[in-house]
Amino acid sequence: MTAPSHDKNPWWREAIIYQVYPRSYLDTNGDGVGDLPGITAKLDYIASLGVDIVWLSPFFKSPMKDFGYDIADYCDVDPLFGTLADFDALIAKAHSLGLKIMIDQVMAHTAETHPWFVESRSSRDNPKADWYVWSDPLPDGNPPNNWLSVFGGSAWQWDSRRKQYYMHNFLVNQPQVNFHNPHVQQAHLDSLRFWLERGVDGVRMDACNFHFHDRTLRSNPPALVRDTSTVTDVNPYGMQAHIHDKTQPENIAFLQRLRKLLDEYGAVAIGEVGADDSLAVMADYTSGGDKLHMAYSFNLLTPQFSSRHIRRQVEEFNARVKDGWASWSVGNHDSIRVATRWSSGEWTPALSKLVLALQLSLKGTPCLYQGDELALPEADVPYELLQDPYGITFWPEFKGRDGCRTPMPWTNEAPNAGFTSGKPWLPVPPEHVALAEAGQDKDPQSTLNFARNIIKWRRTLPQLTRGEIVFFDVPEQALALRRDEEGLPSVLAVFNVTNAPLSFDWPEAAGATKLEGHGLPGDVDGTTVTLPPYGAWFGKIA
């Protein structure tokens, strides 16, 4: 068992998470889609990065309308990815390397082909009739309220079998489960136990504030401030204040039940929170040591890249939560790659190095996305090759999520960058081939080797893994902070978040000793900070 939840410094607070999107990691059977044996084959590479936890996006049985986030069987592997035996082999290899495996749990909805929904929609009086959110139409035939789907249009879909509407927060193929039914909650906990018994070390809770809905189906009011952190400004979803269709108070009790199950196995949970006030929800869901261990929001997954924005997210979270814990993500399978999103069209390897160093310096558990260690930019997938239904709906102003999901480039000496011997499910862009892992592995100055080095370097400084954080007022082109851990000298860090050289006076640096070994250029002379474009400086002060 791991340290109990009330431990002052649980191991997961010092860990680093690495997300693998299985479809795009490595294909071993030539069908153009990555698989579990491919991940197993690359676990040595993942271990070489120095990370601790490998989060696997869904690999369960699915019709793949949303590429695995529409689950048809929670307790089996889709044949596209392999078998349960392949998963067991992956777990065994990971554990032999000291890596922990975290699986994705998508509880708020299922696939429409899930046996639960097939039975639920068959009649109004079957044993699972109320396992999903059903409603009669209004007298004029309209849906019961104004709730919207994240993926476009109404959150209600007419079903001719029951002559009722069912709710869906995402695709019409992803019916919303009725969490007010205790049998639904227990079924989900039982499915999770199935994987914990197989040796899973943690769970990432997809859309974890979407579990419950307002029983009376009240309409949402207009948003006072349009939400552009969880959806783009072309999506009407951001025009509502989502106070009735998600983030309901009943979810707290369910997360406490989930935590009790996880504690039986010493497993950890991280929650994805997409809400109008996501920092407040993150605080609610991680405080008290009896719910999620940590949570992340989309607040650093937006185009906003400024010292002011990053500082505000961290400070506001810390102000709202006393004992909870954040996980700061700057990239994942739903967001434009950070190398493009934060570059303003001026991407350089130096930017990717700076972003990683900054992310590793914030108070919280860093979550890295596959390929960011290679500084992969967003791929430009033409419309005719798009796979993502979300992108197809909102094209061309929003191109969907395919651009961050293209295959990992392993070598520039094989077709499709070594990802597959067949036709890849998404194209491998030429600029990714040039950044392939094999070439970067041989280059001491590569982003890959920088990532390995700074992750290892960070472990030598407990201040950076578990210390308190304080920010300082400096020119807006810079982000300056201090990490304090009891009994140790404080660590200072300052980052130039621009592509222009920067020099300014910072009294806090007086008497500090420069820390070497992190790999970024920058200097302090007395109290004068001098940083090249995307440079940084770390120092230690008693």
Is it true that Arg259 and Asp290 have a side-chain N and a carboxylate O under 4.0 angstrom from each other?
-> no
Closest approach of Gly238 and Ala223, non-hydrogen atoms and distance?
-> O-CB, 3.8 Å
Phe210 ring center near Phe170 ring center (under 6.0 Å) | yes
Partners of Asp233 by salt bridge (Lys or Arg N to Asp or Glu O under 4.0 Å), sequence neighbours excluded?
-> none
Compute the ring centroids of Phe67 and Tyr21, then answer whether they are less than 6.0 Å apart.
-> no
Between Asn332 and Ser329, does any side-chain donor sit less than 3.5 Å from a side-chain acceptor?
-> no
Pairing residues for Ala350 by the side chain to side chain contact (heavy atoms under 4.5 Å, CB included) criterion, not counting sequence neighbours = Thr348, Tyr534
Hey, are Arg337 and Asp372 close enough for a salt bridge, meaning a charged N less than 4.0 Å from a carboxylate O?
-> yes
Is the shortest heavy-atom distance from the side chain of Asp277 to the side chain of Arg320 under 4.5 Å?
-> yes
Mind checking whether Trp347 and Phe305 have ring centres under 6.0 Å apart?
-> no
State, yes or no, whether a side-chain contact exists between Asp52 and Ile17 at a heavy-atom distance under 4.5 Å.
-> no
Using only heavy-atom distances, determine whether the side chains of Tyr237 and Arg226 contain a donor-acceptor pair under 3.5 Å.
-> no
Trp537 vs Phe495, ring pair (Phe, Tyr, Trp, His ring centres under 6.0 Å): CA-CA, chis, key distance, verdict = CA-CA 7 Å; Trp537 175 88; Phe495 306 90; over 10 Å; no
Tell me yes or no: between the side chains of Asn453 and His518, is some donor less than 3.5 Å from an acceptor?
-> no
Heavy-atom distance under 4.5 Å between the side chains of Ile270 and Met102, does that happen here?
-> yes
So, for Phe419 and Trp410, is the gap between ring centers shorter than 6.0 Å?
-> no
Beyond-backbone contact of Ser446 with Asp441, side-chain heavy atoms, under 4.5 angstrom = no
Describe, in one word, how the ring planes of Trp55 and Tyr296 are oriented to each other, choosing from parallel (under 30°), tilted (30 to 60°) and perpendicular (over 60°).
-> tilted
Going by atom types only, do His293 and Tyr285 share a side-chain donor-acceptor pair under 3.5 Å?
-> no
Could you tell me whether the side chain of Arg459 and the main chain of Gly50 form a donor-acceptor pair under 3.5 Å?
-> yes
Check Leu258 against Met107 and note the closest heavy-atom contact, atom names and distance.
-> CD1-CE, 4.2 Å
Heavy atoms, side chains only, cut-off 4.5 Å: are Thr465 and Arg458 in contact?
-> yes
Applying side-chain hydrogen bond (donor to acceptor under 3.5 Å, both in side chains), name anything that partners Gln370, two or more places apart in sequence or on another chain.
-> none
What's the verdict on salt bridge (charged side-chain N to carboxylate O under 4.0 Å, His left out) for Lys42 and Asp44, showing C-alpha distance, side-chain angles and the deciding distance?
-> CA-CA 5 Å; Lys42 291 297 183 181; Asp44 289 293; over 6 Å; no
Qualifying residues under side-chain hydrogen bond (donor to acceptor under 3.5 Å, both in side chains), relative to Gln313, sequence neighbours excluded | Asn299, His309
Would you check if there is a donor-acceptor pair between the side chains of Arg452 and Ser48 at a distance under 3.5 Å?
-> yes
Sub-3.5 Å donor-acceptor pair from the side chain of Ser307 to the main-chain atoms of Ala478, do we have one?
-> yes
Output, in order, the C-alpha distance, side-chain angles, deciding distance and verdict of side-chain hydrogen bond (donor to acceptor under 3.5 Å, both in side chains) for Asp104 and Tyr69.
-> CA-CA 9 Å; Asp104 226 319; Tyr69 283 88; 2.7 Å; yes
Atom of Asn496, atom of Pro532 and distance for their closest heavy-atom approach = ND2-O, 3.0 Å
Using a cut-off of 6.0 Å, state whether more than 12 heavy atoms not belonging to Lys514 lie near its atom NZ.
-> yes
Got a second to check how far Gln19's CD is from Leu368's CG, nearest 0.5 Å?
-> 10.0 Å
Would you call Lys399 and Glu378 a salt bridge, taking side-chain N to carboxylate O under 4.0 Å as the test?
-> no
Using the salt bridge (charged side-chain N to carboxylate O under 4.0 Å, His left out) rule, pick out the option among Lys363, Arg13, Arg466 that qualifies with Glu485.
-> Arg466
May I ask you to say whether Arg308 pairs ionically with Glu476, meaning some side-chain N is under 4.0 Å from a carboxylate O?
-> yes
Are the side chains of Asn412 and Leu435 in touch, meaning some heavy atoms are under 4.5 Å apart?
-> no
Worked check of side-chain hydrogen bond (donor to acceptor under 3.5 Å, both in side chains) between Thr527 and Asp505 | CA-CA 5 Å; Thr527 61; Asp505 184 64; 2.4 Å; yes
Side-chain contact, heavy-atom cut-off 4.5 Å: His95 with Asp201?
-> yes
Taking all non-hydrogen atoms of both residues, which atom of Gly371 and which atom of Tyr18 are closest, and how far apart?
-> N-OH, 4.1 Å
Taking salt bridge (Lys or Arg N to Asp or Glu O under 4.0 Å) as the test, write out the residues that go with Asp276, two or more places apart.
-> none
Check whether the ring centres of Phe450 and Trp457 lie less than 6.0 Å apart, and answer yes or no.
-> no
Side-chain donor/acceptor of Arg401 to backbone N/O of Asp334, under 3.5 Å | no
is_close_aromatic(Phe254, His211), centroid dist under 6.0 Å = yes
Do NZ/NE/NH1/NH2 and the carboxylate oxygens of Lys93 and Asp88 come within less than 4.0 Å?
-> no
Residues two or more places apart in sequence or in another chain: which of them pass salt bridge (Lys or Arg N to Asp or Glu O under 4.0 Å) with Glu508?
-> Arg482
Could you go step by step and tell me if Thr230 and Asp227 meet the side-chain hydrogen bond (donor to acceptor under 3.5 Å, both in side chains) rule?
-> CA-CA 7 Å; Thr230 55; Asp227 174 25; 2.3 Å; yes
Please walk me through it: do Trp195 and Tyr265 pass ring pair (Phe, Tyr, Trp, His ring centres under 6.0 Å)?
-> CA-CA 11 Å; Trp195 295 104; Tyr265 296 86; over 10 Å; no
Is the Tyr25 ring parallel, tilted or perpendicular to the Tyr45 ring (thresholds 30°, 60°)?
-> tilted
Trp325 side chain to Thr365 side chain, donor-acceptor N/O pair below 3.5 angstrom | yes
Do Thr28 and Asp35 have side-chain atoms, one donor and one acceptor, less than 3.5 Å apart?
-> yes
Out of curiosity, Ile53 CD1 to Ser327 OG, how far, rounded to the nearest 0.5 Å?
-> 8.5 Å
Find out whether Gln105 and Leu192 are in side-chain contact, i.e. whether some heavy atom of one side chain is under 4.5 Å from a heavy atom of the other.
-> yes
Taking all heavy atoms of Ala375 and all of Thr447, pick out the closest pair and write down the distance.
-> CB-OG1, 3.8 Å
What's the spacing between Leu464 CG and Arg483 CZ if we round to 0.5 Å?
-> 6.0 Å
Say whether, by atom type as modelled, one donor and one acceptor occur between the side chain of Gln463 and the main chain of Ser490 under 3.5 angstrom.
-> no
Minimal heavy-atom distance between Val281 and Ala275, with the atoms involved, is CG2-CB, 3.9 Å
